[in-house]
There are 2 protein chains.
Amino acid sequence: MDKRKSDVSGLPTGWIREEVVRKSGLSAGKTDVYYYSPDGRKIRSKPMLARILGDSFDLSAFDFRSGRIISSALRKRMRHDSSLVLPIRQTASIFKQPVTVIRNRPESKTKTDIKHGNQDQPKQLFWEKRLQGLHARDVMEDVIQSLELPRNVQGIGPDLTTENILQSISAALHLNSTPVLGQNANKSTLQKNPGVHIDANQPHIQQLMVSDEDIRRQELRVQEARRRLQEAMKQAA
Amino acid sequence: MDKRKSDVSGLPTGWIREEVVRKSGLSAGKTDVYYYSPDGRKIRSKPMLARILGDSFDLSAFDFRSGRIISSALRKRMRHDSSLVLPIRQTASIFKQPVTVIRNRPESKTKTDIKHGNQDQPKQLFWEKRLQGLHARDVMEDVIQSLELPRNVQGIGPDLTTENILQSISAALHLNSTPVLGQNANKSTLQKNPGVHIDANQPHIQQLMVSDEDIRRQELRVQEARRRLQEAMKQAA
DNA sequence: CGGAGTGGAGAC
DNA sequence: GTCTCCACTCCG
């Protein structure tokens with residue numbers, strides 16, 4: 001069968017994404033994307049998804065086809081004919097605030113300008129640093145310890161904590177529709193001029209090799225964890 | 001029961017169409033259409049119908065749901081990108097004949113033109129007159145006499161024979177999905193400028209009133225015919 | 001009658 | 001042009 005199911009990074013847990021290739025007809029070869037809600041309902045479009053999730057979840061940046069959060073969702077709004085659009089400031093943070101529009105050049109010129117370049121909201125290069133000093137705590141108010149990173153995962157940037165690096169990787173895994181690889185430029189180039197050389201779509205780690213040995217070691221770890229879980233469940237039964 | 005059976009104007013004689021209304025579930029109120037072949041088989045879809053009729057009957061313009069020939073079936077083909085479509089003349093009678101396409105205006109202009117107005121094949125207003133002088137004959141080569149029309153069925157048009165009027169009514173009953181009423185404009189207006197005032201979707205008769213008395217008289221005639229048939233079958237048995 | 005699968009109008 | 005979304009078909 002030409003189907004694939006997978007978890008969905010952009011939705012609450014329990015949602016499943018399915019991709020079905022059309023096998024015949026005028027649209028043969030095209031794919032349809034479906035979601036299954038935790039209670040098993042099949043969802044065939046974003047409006048239908050919005051109806052089921054209700055106000056509990058903000059879908060404005062959710063891309064139905066890819067199943068990911070796309071910050072460029074904004075781009076769509078900017079394509080409207082500016083003469084028809086209400087005078088609304090076209091940025092995300094204060095979205096829907098009325099503002100005054102002043103037009104003193106031909107409309108077509110204005111539209112051309114808007115089209116150029118990346119329409120995403122600017123992103124701070126090291127936004128993770130704003131979270132430094134904040135900690136999740138358990139019910140006893142004790143700080144929850146962070147994960148440890150493998151030695152070959154090397155952060156790139158000024159005074160990044162292990163948490164910062166994890167935040168950076170986590171955000172990339174959630175937001176990217178392209179592979180998450182890390183920074184391509186070498187460390188000294190990056191430190192000379194981060195504003196120019198850092199790839200803002202990649203996490204702040206050096207690119208690294210994952211060897212067959214790494215994969216084998218991880219498999220063993222998973223097997224061991226499963227064995228212990230099995231043990232624990234036997235004890236409970 | 002919510003069923004209706006009727007003859008099918010778009011199929012060879014002997015075929016019966018049935019309409020069944022769904023009574024419950026998510027699709028309550030929707031109807032399913034079935035056909036019964038002359039030998040009693042139940043047909044549930046157009047592909048199944050095509051398989052049974054084989055090449056003997058062209059279903060391309062047959063609309064399964066309504067049971068009628070839809071000349072606008074052509075419209076679908078005309079929407080394709082003209083650059084991808086084989087050079088085929090887009091008219092019904094010689095459909096699928098290769099022809100040469102000459103383009104000497106911008107393609108967008110051509111497409112815009114195609115979109116406007118009715119896409120059905122043009123129809124001669126008085127095509128029935130081309131059949132004048134042709135007669136069905138029985139095995140003895142004698143002309144089969146036409147029906148007589150009731151006095152209140154009045155033809156509208158130049159020198160229409162009784163046969164012409166019957167042909168016109170018959171075609172309308174076969175092709176229309178709307179009620180067959182006759183011409184709405186009055187006779188003198190029509191004769192002044194038929195090209196403007198004739199409704200090509202209606203037969204060439206004046207609209208007429210059918211009274212309760214007409215209906216009663218027709219019922220009596222049918223009852224009499226049935227009685228005579230019953231008589232004849234008794235004689236044969 | 002349900003539902004997978006496709007068609008196609010409308011949005012972009 | 002391409003894509004989205006939902007109505008519809010067809011068969012279980």
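Just so we're on the same page: letters track the sequence lines, and every chain starts at 1.
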**Asked** Does R17(B) pair with E19(B) as a salt bridge, N-O distance under 4.0 Å?
**Response** yes
**Request:** Taking ring pair (Phe, Tyr, Trp, His ring centres under 6.0 Å) as the test, write out the residues that go with Y34(A), two or more places apart.
**Result:** none
**Prompt:** Can you check whether S24(A) has a side-chain N or O nearer than 4.0 Å to OP1 or OP2 of dG5(C)?
**Reply:** no
**Request:** Starting at atom CD of E19(A), determine the distance to atom P of dG5(C), rounded to an integer number of angstrom.
**Result:** 14 Å
**S27(B) side chain, from C-beta outward: closest of dG5(C), dG2(C), dA4(C)** = dG2(C)
**Message:** Are F64(B) and Y35(B) an aromatic pair, judged by ring center distance below 6.0 Å?
**Reply:** yes
**Request:** Indicate whether any N or O donor in one side chain lies under 3.5 Å from an N or O acceptor in the other, for R216(A) and S211(A).
**Result:** no
**Message:** What's the angle between the local helix axes at either end of the helix from dC1(C)-dG12(D) to dC12(C)-dG1(D), using five pairs per end and rounding to 10 degrees?
**Reply:** 10°
**Request:** Go along nucleotides 5-12 of chain D 5' to 3' and tag each nucleotide: B for a protein heavy atom under 4.0 Å from its base, S when only backbone or sugar atoms are that close, - otherwise.
**Result:** SBBSSBBB
**Request:** Taking side-chain hydrogen bond (donor to acceptor under 3.5 Å, both in side chains) as the test, write out the residues that go with N184(A), two or more places apart.
**Result:** none
**Prompt:** Can you name the side-chain hydrogen bond (donor to acceptor under 3.5 Å, both in side chains) partners of Q167(A), sequence neighbours left out?
**Reply:** N164(A)
**Request:** Drop me the distance from L181(B)'s CG to Q206(B)'s CD, to the nearest 0.5 angstrom.
**Result:** 13.5 Å
**Contacts of D39(B) that satisfy side-chain contact (heavy atoms from CB on, under 4.5 Å) - sequence neighbours left out** = S37(B), R41(B)
